[in-house]
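Since the structure comes first, as structure tokens, the remarks are kept for the end.
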Amino acid sequence: MENLRIPGPTPCPPEVLQAMTKQMINHRGAEFSAMLSSVTADLKTLFQTKNDLLCLTGSGTGGMEAAIVNMLSPGDKVLSVSCGVFGDRFADIARTFGADVTALRFEQGQVVDPQAVKAALQKDAKIKAVLVTHNETSTGVTNDLATIAKIIKEADKLLIVDAISSMGSIDCPVDKWNLDVAVSGSQKGWMAPPGLAMVSVNETAWKAHATAKMPRIYWDFSRARKNLEKGQTPWTPAMTVVYAMNTSLKMMLTEGMQNVFARHARLGAMTRKGVKAMGLKLVAADEKYASNTVTAVWPPEGINPDNLRKTMREKYRVVLTGGQGALEGKIFRIGHLGMCDEASIQDALDALRKSLPEFGYTPQ
Ligand SMILES: Cc1ncc(COP(=O)(O)O)c(C=O)c1O
């Protein structure tokens with residue numbers, strides 16, 4: 001079996017795979033309704049929210065698009081705060097649907113500077129909403145969302161958060177931090193396959209939704225909320241992913257939310273220590289902000305990271321991922337979220353240590 005160490009999809013526990021073999025049931029019947037209600041309640045616990053939680057059928061990007069079209073009208077002024085590919089994607093979606101986007105961008109490996117967000121908001125009083133990525137998967141950094149959110153809410157702006165690769169793995173208390181909309185995806189820390197986008201929506205967001213004019217049918221939050229009251233989804237849901245989540249969420253709650261966060265912190269630290277011990281550098285400019293779900297690494301000078309990954313995959317069955325956007329062909333990334341333990345990280349580090357000499361680099 002491969003050691004799949006990419007930042008999603010992640011491997012699923014055997015119990016979750018087993019749950020997915022269940023026969024189809026009526027998605028408008030009582031059994032499914034009970035299951036969806038239970039999944040929604042467990043997600044609320046792990047999102048740390050008492051507000052609405054909607055399960056939409058789609059990948060994380062679908063959840064991002066849903067957040068945009070349900071909150072905004074064409075012409076609305078939006079501040080997009082980005083330190084990588086996924087932050088840029090959020091801005092692109094908003095722009096595509098007609099928002100007037102001001103982009104505040106930070107260099108690769110850097111995190112968002114909260115004070116720069118404050119200054120941008122002071123500069124343009126007409127900004128209505130701010131788009132923020134909690135964990136930037138493309139560079140392996142986690143933004144200081146608590147501080148950023150405080151600034152945005154003090155300025156009374158709508159806060160829309162991509163928490164796709166952090167929620168459920170890194171502490172992201174939706175209600176405590178006042179996140180109006182927060183999005184995640186089932187294939188990340190949730191130990192389930194791709195197919196569900198989970199979105200929390202608070203009262204402020206519902207008010208914005210009531211006047212938002214961007215076109216939407218499939219992603220419409222009102223339809224999702226109305227159907228959820230009956231334990232249903234507006235459209236046919238990804239049934240097997242709901243089966244999977246129904247099991248994986250129970251496993252996460254049995255482990256305990258704080259223990260899940262602590263495990264991710266341990267695995268993140270172990271990965272960073274391991275690659276640094278080989279003399280490699282993290283993409284994260286300040287390790288204080290290095291992500292606990294994915295580690296992005298610069299290969300040694302002159303080594304093509306994609307060739308290195310190929311050797312690791314073919315010789316040691318360890319699968320890493322490469323760089324995206326401007327970092328394509330320049331870095332490699334190790335995922336450590338969802339179903340992940342010390343043994344799988346050690347296996348990945350061992351494969352890296354054994355592969356590097358083949359490219360003329362002797363790890364320290
Ligand atoms: C931070 C972040 N945002 C958005 C996405 C996009 O999610 P998806 O690939 O499920 O559409 C990802 C997935 O890699 C991500 O890590």
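Throughout, numbering of the chain's residues begins at 1 and tracks the sequence. All values below come from the heavy atoms of this structure, side chains included, with hydrogens, waters and symmetry mates left out. Both ligands and their constituent atoms are indexed starting at 1 by order of listing.
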Below 3.5 Å only, please: the N or O atoms of ligand 1 paired with protein N or O atoms, distance on each line.
{"unit_1": "ligand 1", "atom_1": "3 (N)", "unit_2": "D162", "atom_2": "OD1", "d": "3.4"}
{"unit_1": "ligand 1", "atom_1": "3 (N)", "unit_2": "D162", "atom_2": "OD2", "d": "2.6"}
{"unit_1": "ligand 1", "atom_1": "10 (O)", "unit_2": "G60", "atom_2": "N", "d": "2.8"}
{"unit_1": "ligand 1", "atom_1": "10 (O)", "unit_2": "Q187", "atom_2": "NE2", "d": "2.7"}
{"unit_1": "ligand 1", "atom_1": "11 (O)", "unit_2": "S59", "atom_2": "OG", "d": "2.6"}
{"unit_1": "ligand 1", "atom_1": "11 (O)", "unit_2": "G60", "atom_2": "N", "d": "3.3"}
{"unit_1": "ligand 1", "atom_1": "11 (O)", "unit_2": "T61", "atom_2": "N", "d": "2.8"}
{"unit_1": "ligand 1", "atom_1": "11 (O)", "unit_2": "T61", "atom_2": "OG1", "d": "2.5"}
{"unit_1": "ligand 1", "atom_1": "14 (O)", "unit_2": "K188", "atom_2": "NZ", "d": "2.6"}
{"unit_1": "ligand 1", "atom_1": "16 (O)", "unit_2": "T137", "atom_2": "OG1", "d": "2.4"}
{"unit_1": "ligand 1", "atom_1": "16 (O)", "unit_2": "K188", "atom_2": "NZ", "d": "3.4"}

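Taking 4.0 Å as the cut-off between side-chain N and carboxylate O, E203 and K207 do not count as a salt-bridged pair. Between E255 and R263, at least one side-chain nitrogen of the basic residue sits less than 4.0 Å from a carboxylate oxygen of the acidic one, meeting the salt-bridge criterion. Ion pairing between D124 and K77 holds under the 4.0 Å rule for side-chain N and carboxylate O.
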Table please: side-chain donor-acceptor pairs of residues 1-16 below 3.5 Å, with sequence neighbours left out.
{"unit_1": "N3", "atom_1": "OD1", "unit_2": "R5", "atom_2": "NH1", "d": "3.2"}
{"unit_1": "N3", "atom_1": "ND2", "unit_2": "S344", "atom_2": "O", "d": "2.9"}
{"unit_1": "N3", "atom_1": "ND2", "unit_2": "D347", "atom_2": "OD2", "d": "2.9"}
{"unit_1": "R5", "atom_1": "NE", "unit_2": "G335", "atom_2": "O", "d": "2.8"}

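Grouping Ile, Leu, Val, Met, Phe, Trp and Tyr by side-chain contacts under 4.5 Å, direct or through others, puts V111 with V141, Y289.
Legend: side chain to side chain donor-acceptor pair (under 3.5 Å) pairs involving residues 353-364, not counting sequence neighbours, sorted by first then second residue: K315-E358.
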